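What follows is a single structure, written as structure tokens, with notes after it.
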Amino acid sequence: MIVDIHSHVLPGLDDGAPSMEEAILLTENAAANGVTHIIATPHLNDKYRNHAKQIKEAVADLNKELFRKRIPVDIFPGQEVQFFSCLNALGDGHLLTLADGGKYLLIELPDDHFPEFTFELLFSLQIEGYIPIIPHPERNVVLRKEKQLLYELVTKGVLLQVTANSLFGANGRTAKKCSLELIKHNLVHFISSDAHHPIQRPFLLREGYQFIERKFSTNLRNYFIENAKHVLQGTDFQPLPPISFKHTRAYKR
Ligand SMILES: [Fe+2]
């Protein structure tokens, strides 16, 4: 059982698969990567206003099609909530947790800055009972330099997800280096695909896990695989103890 907690497979909802045909191709790409369970996480931001009901309907349609075509992958609903859309969505009841389990929430930070009230917003989500997961922190230009901020977030119960293609340099050398350092400091909890397209932004999970096994250990690979299962099941897990970046200068906020 291999679970991918972050992907854009649902047809026509965002910048992922544009049609049912493409969604099937993308899901076949997932199956070829050994993925058996996909949490579909269409964007919720200024451009894509995907809300819970719409996403659940799209998941049901795609599952029907996969069953008909005998593709052995199950899709579950989720959402990638842009940081600035989060507060509004909280207020109007449109937030959808990963696999609709009521616990894990994928909250996307901007790539070009670190919002001043990040700690406050994430803390308010925790008070509401959510566990925030930040996808691809390795893409954020501030966090790449100020990794101690990520250490602080993780010590406060926030979880981090690195994208598989970052391990291979698809998001640049700095993102790759950052991903490896975060992993070494026990700050990464999940590897996922953030798949959008079977060729341009594919699943790459098999390669990602093989890379982790080769570069780190089989135990670490299994840790990532098990953590993703916990997200699917909406259950808690014990993260590895985070290791501080002792020489990183403090970020002013
Ligand atoms: Fe994404």
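As the structure lists them, so they are numbered: ligands from 1, and atoms in each ligand from 1. These numbers come from a predicted model, not from an experiment. Values below: all heavy atoms of this structure, side chains included; hydrogens, waters and symmetry mates excluded. Residues: numbered from 1 along the sequence shown.
With 2.8 Å as the limit, His196 does not count as an N, O or S neighbour of the Fe ion (ligand 1). The Fe ion (ligand 1) lies at 2.8 Å or more from every N, O or S atom belonging to His43.
Computed with the Fe ion (ligand 1) at the centre, the Glu80 OE1 to Asp194 OD1 angle is 170°, stated to 10 degrees.
Each of Asn171, Asn165, Thr163 was evaluated against Asp194; a single residue qualifies, Thr163, per the side chain to side chain contact (heavy atoms under 4.5 Å, CB included) test. When the options Ile5, Asp4, Val3 are evaluated for a side chain to side chain contact (heavy atoms under 4.5 Å, CB included) with His37, the one that passes is Val3.
Annotation for Leu240 and Tyr223: closest pair N-OH, 2.9 Å, computed over non-hydrogen atoms.
In this structure, Asp100 contributes its side chain and Gly78 its backbone to no donor-acceptor pair below 3.5 Å.
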